[in-house]
Amino acid sequence: MRVIFEELAARELDGLYAGALFLTAGDAGAAERLLTSTLVDAASVYFGPMAARDPCRWLDGRLITEFLATQPRLADGLRAPAPLLASTPPAPRGWLPHMDTPAFCRLAEALPPVARAAVWLVALRRWHYDDAATMVGVTRDELVELLRYRDVLLAALVTPTAHRAGGNVAP
Amino acid sequence: MDCRRTREILWPPERPRLAADDVLKARGHVEGCVSCREYFAQDRLLLQTYDSVRRESAPRAVRERVLDALARGAATGAGPGVAEARPAIWKSPAHRRRAATALVVLAGLTLAGALARRHQPGAPDAGAVFVEDYLRRAVGEDRIVASDPEAIARFLARELGLVRAPLSGDGLELTGAEICFLEGHRGAMITYHKAGRILSYYVIPNERARARPPEVSPGALSGTAGGSAPTVVTWATASLEQALVGAFPPGELLALARHAALD
């Protein structure tokens, strides 16, 4: 049965909003603007072949494209990793706190925007490396470097600041 | 086989893959590598955390604003950006009058719905969601023209799996139908002309619908013949929510609805 775009958008809106919040590091206003512009633009090209194959994944890609169009040059994000990651504590083992959406997404502020895009696509939306690299506009090697920021996100999840933002206290 | 290559080959770990040589080697590496085992364990935890986050609903106000922007964008054919949509909506005096009236009515119905819920805890405001769609279409241009009842019936069968003839009655001129989407349910809005006014007949398949007789939505009780405020009459048969929305006297729409409810 044919699915109209409005139906797809309404069905996927909650997940896309969570993605937009992550990409904007918890900025609700920016997330809503990003989500709105993504869906309005996507509606005009909905009947393309890529949308028909996997509409949810297609929307994820549209969100990333819209987000990266507003971000600083890619090279800025790629230059940052070494000093930041050198100071990152080891990623946690065995337990992560539960927290609400805004608290979780605010943790992404520790990541440069382009790294947020890479981590969101690969670690959270489970894209293959090659597809994610193409979407982010980097080489596979550059993507692997960006994915090191996953550890920064994990470390941020278990800091006392994260707990004050709404997470549970570690046992 | 190093850690980096292993993680690339086995990504994402939950996806089935053929046991090719590189996959077997990668899995062997994981079994003997503490770092890689921790990496994939952390990955599961992070994914669980995000999945619970992702299941949370977006705030209702955000959802309404985004879907409203989408509807306006669709109505005006606006491309990149949303701001360009608004000027096109207000280009016609008729559009402006209808939209202004519609906004006042929507505000009134929203308030009336809230008041009604205060006096009837748990009672759903069935009329408001239909008015929201009616209003959105009042400033839109997305219509399918068809005056043949059999064509409409085929449309309903094809798009919704619904075997149902469109409503008929004295003075009702069938003008078309289109798919609508209300509160997560896909349905159809069938449009008519009657005495120079537009009447919208909504049919929304919903497995959880419970049969109830036609009734005028509380917020629309003030609608009168010749007035600009739309009247909303809602009712349900087994698995089918229905509504009539239009600038008609409540009694007239109730009579039509009771006639339809017998079908």
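Just so we're clear, the structure is a prediction, and the values are computed from it rather than from any experiment. The chains referred to below are lettered A, B, ... by the order of the sequence lines, with proteins before strands, and numbering in each begins at 1.
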(request) Any chance you could measure Leu45(B), atom CG, to Leu154(A), atom CG, to the nearest 0.5 Å? (result) 8.5 Å
(request) Show the numbers, then the answer: is there a side chain to side chain contact (heavy atoms under 4.5 Å, CB included) between Val144(A) and Glu8(B)? (result) CA-CA 9 Å; Val144(A) 171; Glu8(B) 289 181 26; 3.5 Å; yes
(request) Evaluate the ring planes of Tyr50(B) and Phe104(A), with Trp represented by its six-membered ring, and classify them as parallel (under 30°), tilted (30 to 60°) or perpendicular (over 60°). (result) tilted
(request) Grab the two heavy atoms, one from Leu70(B) and one from Ala43(A), that are nearest each other, plus how far apart they are. (result) CD1-CB, 3.9 Å
(message) Please find the pair of heavy atoms, one from Leu46(B) and one from Ala123(A), that lie closest to each other, and give the distance.
(response) CD2-CB, 4.3 Å
(message) To the nearest 0.5 Å, what is the distance between CG on Leu13(A) and CD on Glu64(B)?
(response) 11.0 Å
(request) Enter the distance from Glu56(B):CD to Thr101(A):OG1 here, rounded to the nearest 0.5 Å. (result) 3.0 Å
(request) Would you mind telling me which of Arg7(B), Gln48(B), Glu14(B) has the largest number of heavy-atom pairs within less than 4.5 Å of chain A? (result) Glu14(B)
(message) Ring of Tyr39(B), cation from Arg150(A) - is the NZ or CZ under 6.0 Å from the centre and inside 45° of the axis?
(response) yes
(message) Ignoring hydrogens, what is the shortest heavy-atom contact between Ala69(B) and Thr36(A)? Give both atom names and the distance.
(response) CB-CG2, 3.6 Å
(request) Please examine the side chains of Val66(B) and Arg33(A), heavy atoms only from C-beta on, and report whether any two atoms are closer than 4.5 Å. (result) no
(request) Please tell me if the side chains of His128(A) and Pro12(B) come closer than 4.5 Å, counting only heavy atoms from C-beta onward. (result) yes
(request) Determine whether more than 12 heavy atoms belonging to other residues, nucleotides or ligands lie under 6.0 Å from atom CZ of Arg210(B). (result) no
(message) Between Arg63(B) and Asp14(A), is the side chain to side chain contact (heavy atoms under 4.5 Å, CB included) condition met? List the steps.
(response) CA-CA 8 Å; Arg63(B) 170 176 281 270; Asp14(A) 293 335; 3.1 Å; yes
(request) Let me know if Leu153(A) has heavy atoms under 4.5 Å from chain B in its side chain, its backbone, both or neither. (result) side chain
(request) Find the one option among Pro13(B), Ala41(B), Ser57(B) whose heavy-atom pairs under 4.5 Å with chain A are most numerous. (result) Ser57(B)
(message) Quick check against the 3.5 Å criterion: does Arg126(A) have a side-chain atom that pairs as donor or acceptor with the backbone of Trp11(B)?
(response) no
(request) Identify which part of Arg44(B) has an atom lying under 4.5 Å from any heavy atom of chain A, answering side chain, backbone, both or neither. (result) neither
